[in-house]
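First the structure, in the form of structure tokens, and then the observations on it.
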Amino acid sequence: LRNYIAGKEVDWQDILLRTGIRNNVSLSASGGTEKATYYLSGDMLTEDGIVQNSDYKRYSIRFNGDFTPNNWLKIGARVQLTKSFADETANAISEFNVNGGFAPILPILINTPLGDLYDENGELTPTIVDGQQFQINPLYRYKESAIDRKITRSYVNPYIEVKIIDGLTYRLNTFAEDRTQFYGRFYSSDYQLPGGTNQAQIQKQQTINYLVDNIINYKKDFGKHSVDATFVYGFQDFQFEQFDKQAEKMATDLLGYHAIDDSPSNRQTFSWDTDDSGIAYVVGRLGYSFDDKYNATFTIRRDGSSKFGSNNKYGVFPSASFAWNMHNENFFGPNSRIDFLKLRLSYGEMGNDRIRSFAFLDGATVTRGIVTNEEGEEEEVVGYGFGALPNPNLKWEASKQTNIGVDFGFFNNRLSGSIDYFSTTTQDLLLEESIPIINGDDVFLSNVGKTKNQGLEIGLKGDILNTEDFKWSAS
């Protein structure tokens with residue numbers, strides 16, 4: 001009421017938002033000879049977000065190199081290193097982030113414009129209205145908190161390609177990636193109200209992903225006949241680790257989240273999560289073309305995933321496609337107004353193993369909590385229980401798709417388009433099935449259900465006017 005009478009208002013958009021500034025500076029160099037080429041680049045990106053305390057910086061270096069010492073050998077590599085630093089203190093207004101939405105924006109909608117940002121001494125107020133805990137002062141929360149995220153990502157992609165005989169090549173393609181992330185969060189003892197309890201969290205993640213492909217390719221033309229055959233054997237491995245530690249009542253606010261060890265043991269919790277999964281695959285592909293009129297491609301792949309038990313670890317997925325370039329047939333003649341006419345038919349199967357690792361095995365859970373004993377002292381209690389229910393019969397989810405289509409172009413391709421009919425059936429869906437409660441669980445991951453998706457797609461494009469000075473097309 002006092003501020004209303006005095007005509008004093010808070011413009012929350014002006015207080016919390018600002019003009020975002022983004023800078024991107026790049027420098028690159030490239031060159032080479034007949035036998036060797038290189039590309040080297042550096043990049044710096046800095047960004048001041050449109051909300052307070054939302055700065056971001058990223059630095060990256062990239063190198064590409066290829067070396068061909070003779071006519072039968074080629075080697076090369078792609079290498080990149082990226083580091084980023086993000087100030088995420090804008091997300092410290094956690095109480096507002098209850099029903100979704102971006103926390104730094106919500107005070108603009110929720111806070112009264114008649115509150116007080118500062119007290120009579122010029123200090124930031126914890127709440128802008130006395131006695132109303134949800135009318136928090138965002139600037140006060142920002143001053144009493146810190147949230148940082150730092151990410152380092154590096155990858156290397158070396159390869160070797162050997163020409164065995166004319167048309168036959170072998171290629172070893174490898175890839176390795178290492179990604180680490182540090183997340184630090186700190187709320188001071190004055191974060192909610194002066195004299196409260198401080199909080200801190202440190203989380204460290206590491207993800208390692210590597211891939212090895214052995215590729216043999218044979219490509220050759222025999223008059224009007226053309227053959228393109230490929231064989232691939234490869235595997236990919238994914239490893240993940242996360243360490244998370246949280247603490248309260250630390251001895252000091254001065255060190256931020258770095259003081260996380262200066263806390264009573266019964267106020268510290270930590271967790272260590274890991275994940276490890278892999279896939280191995282064999283792929284065979286044969287392509288054949290005759291006189292640029294008839295094309296056929298046959299593919300079969302066998303995938304093995306560590307996410308399934310020994311009985312169902314592997315899945316076999318074939319595919320085939322055919323195409324007929326009718327416009328190249330002699331019966332159309334040179335005066336035909338048909339410039340392009342192609343018929344297509346394809347069938348293919350694809351597998352899906354996107355579920356949590358080790359879902360086919362038994363699991364366990366550990367729950368920790370703080371309780372008050374009869375003497376009024378706090379102590380930690382630990383409880384053990386079953387994790388998600390195992391299912392040793394899990395297997396690959398499979399999608400089978402059929403497609404029939406035609407592509408066409410008339411009148412010097414001024415009228416062109418395509419018509420496609422498709423039908424996809426997915427069976428053995430990997431879903432959580434509702435069951436009666438067993439050991440506290442009421443869902444069970446299994447292969448359940450089937451879906452079918454089919455339709456007709458028609459695309460048409462026409463060049464209505466096409467002159468040197470004016471073009472008009474509709475699609």
Side-chain angles (χ1 to χ4, degrees), residues 3 8-24 44-59 82-119 122-151 181-194 196-205 242 244 246-248 250 253-260:
N3 288 339
K8 178 183 176 183
E9 291 188 353
V10 177
D11 185 343
W12 286 109
Q13 293 192 58
D14 185 58
I15 292 295
L16 296 179
L17 302 184
R18 62 185 180 182
T19 301
I21 300 176
R22 179 186 178 98
N23 298 291
N24 195 354
M44 179 183 71
L45 171 70
T46 64
E47 184 175 85
D48 299 334
I50 65 169
V51 299
Q52 304 290 340
N53 301 94
S54 62
D55 302 331
Y56 178 79
K57 296 181 176 66
R58 187 188 67 207
Y59 309 93
T82 303
K83 295 182 74 70
S84 64
F85 307 87
D87 178 8
E88 300 181 2
T89 308
N91 290 323
I93 316 175
S94 56
E95 281 84 353
F96 281 108
N97 207 12
V98 288
N99 296 318
F102 186 40
I105 301 295
L106 293 181
I108 297 174
L109 308 176
I110 297 174
N111 275 4
T112 172
L114 299 175
D116 292 315
L117 289 173
Y118 300 90
D119 61 19
E123 301 290 336
L124 288 168
T125 58
T127 59
I128 60 172
V129 179
D130 288 340
Q132 295 193 24
Q133 61 176 345
F134 295 110
Q135 289 286 306
I136 68 170
N137 186 344
L139 301 184
Y140 178 86
R141 291 284 176 96
Y142 290 159
K143 183 175 73 74
E144 301 296 333
S145 61
I147 301 178
D148 298 320
R149 190 184 303 271
K150 305 172 185 178
I151 298 175
Q181 174 178 287
F182 170 87
Y183 174 81
R185 176 179 59 86
F186 173 73
Y187 298 155
S188 77
S189 56
D190 296 330
Y191 172 72
Q192 290 185 320
L193 291 172
T197 300
N198 55 20
Q199 301 177 27
Q201 177 186 11
I202 285 181
Q203 185 184 90
K204 294 183 179 181
Q205 292 181 359
Q242 176 178 287
D244 190 295
Q246 302 187 37
E248 296 180 347
M250 290 166 292
D253 286 342
L254 299 178
L255 299 178
Y257 48 72
H258 298 293
I260 196 166

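Quantities reported herein were computed from a predicted structural model and do not represent experimental measurements.
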Notebook entry, point to check: At their closest point, which heavy atom of P104 faces which heavy atom of L16, and how far apart are they?
Noted result: O-CD1, 3.8 Å
Check: Taking all atoms of both residues into account, what is the closest heavy-atom pair of G49 and D55, and its distance?
Finding: N-OD1, 4.3 Å
Notebook entry, point to check: Are the side chains of Q203 and R185 in touch, meaning some heavy atoms are under 4.5 Å apart?
Noted result: no
Next item on the list: Identify the two heavy atoms, one from L117 and one from N137, that lie closest to each other, and give their separation to 0.1 Å.
Entry: O-ND2, 3.0 Å
Next item on the list: Only one of Q135, E9, Q132 passes side-chain contact (heavy atoms from CB on, under 4.5 Å) with T112; say which it is.
Entry: Q135
Next item on the list: Could you walk me through whether Y183 and E88 pass the side-chain contact (heavy atoms from CB on, under 4.5 Å) test, one step at a time?
Entry: CA-CA 10 Å; Y183 174 81; E88 300 181 2; 4.1 Å; yes
Next item on the list: Under the ring pair (Phe, Tyr, Trp, His ring centres under 6.0 Å) rule, collect the residues that match up with Y56, sequence neighbours excluded.
Entry: none
Notebook entry, point to check: Heavy-atom count around D119 CG within 6.0 Å, excluding the residue itself: above 12?
Noted result: yes
Next item on the list: Determine whether I93 and Y142 make a side-chain contact, defined as any pair of heavy atoms from C-beta on separated by less than 4.5 Å.
Entry: yes
Item checked: Flag side-chain contact, heavy atom, 4.5 Å: F186 against Y191 -> no
Margin query: Strictly below 4.0 Å, N to O, side chains only: are K57 and D87 in salt-bridge contact?
Written below: no
Item checked: N/O donor-acceptor pair under 3.5 Å between T125 side chain and D116 backbone -> yes
Next item on the list: Compare all side-chain heavy atoms of R22 with those of T46 and state whether any distance is below 4.5 angstrom.
Entry: no
Next item on the list: Indicate the atoms forming the closest heavy-atom contact of R18 with N53, along with that distance.
Entry: NH2-N, 4.3 Å
Check: Does the side chain to side chain donor-acceptor pair (under 3.5 Å) test come out yes or no for Q199 and E248, once each step is laid out?
Finding: CA-CA 5 Å; Q199 301 177 27; E248 296 180 347; 4.6 Å; no
Checklist line | Between CG on residue D11 and CD1 on residue I108, distance to nearest 0.5 Å | finding: 8.5 Å
Notebook entry, point to check: If you measure from CD1 on I260 to CG on L255, what distance do you get to the nearest 0.5 Å?
Noted result: 12.0 Å
Next item on the list: Applying ring pair (Phe, Tyr, Trp, His ring centres under 6.0 Å), name anything that partners Y257, two or more places apart in sequence or on another chain.
Entry: F182
Notebook entry, point to check: Between the main-chain N or O of T197 and the side-chain N or O of S189, is there a donor-acceptor pair closer than 3.5 Å?
Noted result: no
Next item on the list: Rounded to the nearest 0.5 Å, what's the gap from CG on L139 to CD on Q52? Could you check?
Entry: 7.5 Å
Check: Do Q192 and Y187 come close enough that some side-chain heavy atom pair is under 4.5 Å?
Finding: no
Check: How far apart are the C-alpha atoms of V10 and N111, what are their side-chain angles, what is the distance that settles it, and do they pass the side-chain contact (heavy atoms from CB on, under 4.5 Å) test?
Finding: CA-CA 9 Å; V10 177; N111 275 4; over 6 Å; no
Notebook entry, point to check: Is any side-chain heavy atom of W12 closer than 4.5 Å to a side-chain heavy atom of L17?
Noted result: no
Note to self: Tell me the closest heavy-atom pair linking G256 and M250, and the distance in Å.
What the structure shows: O-SD, 4.4 Å
Next item on the list: Answer yes or no: is there a donor N or O on one side and an acceptor on the other, between the side chain of N198 and the main chain of D253, under 3.5 Å?
Entry: no
Notebook entry, point to check: Once you round to the nearest 0.5 Å, how far does OG1 of T127 lie from CZ of R141?
Noted result: 9.5 Å
Next item on the list: Over all heavy atoms of both residues, which pair between G115 and V129 is shortest? Give the atoms and the distance, please.
Entry: CA-CG2, 4.4 Å
Checklist line | Polar contact flag, side-chain donor to acceptor under 3.5 angstrom, D190-S188 | finding: no
Check: Any side-chain heavy atom of Y118 sitting closer than 4.5 Å to one from L124?
Finding: yes
Next item on the list: Hey, could you give me the OG1/CZ distance between T82 and R58, rounded to the nearest 0.5 Å?
Entry: 7.0 Å
Check: Does any non-hydrogen side-chain atom of P107 lie less than 4.5 Å from one of I15?
Finding: no
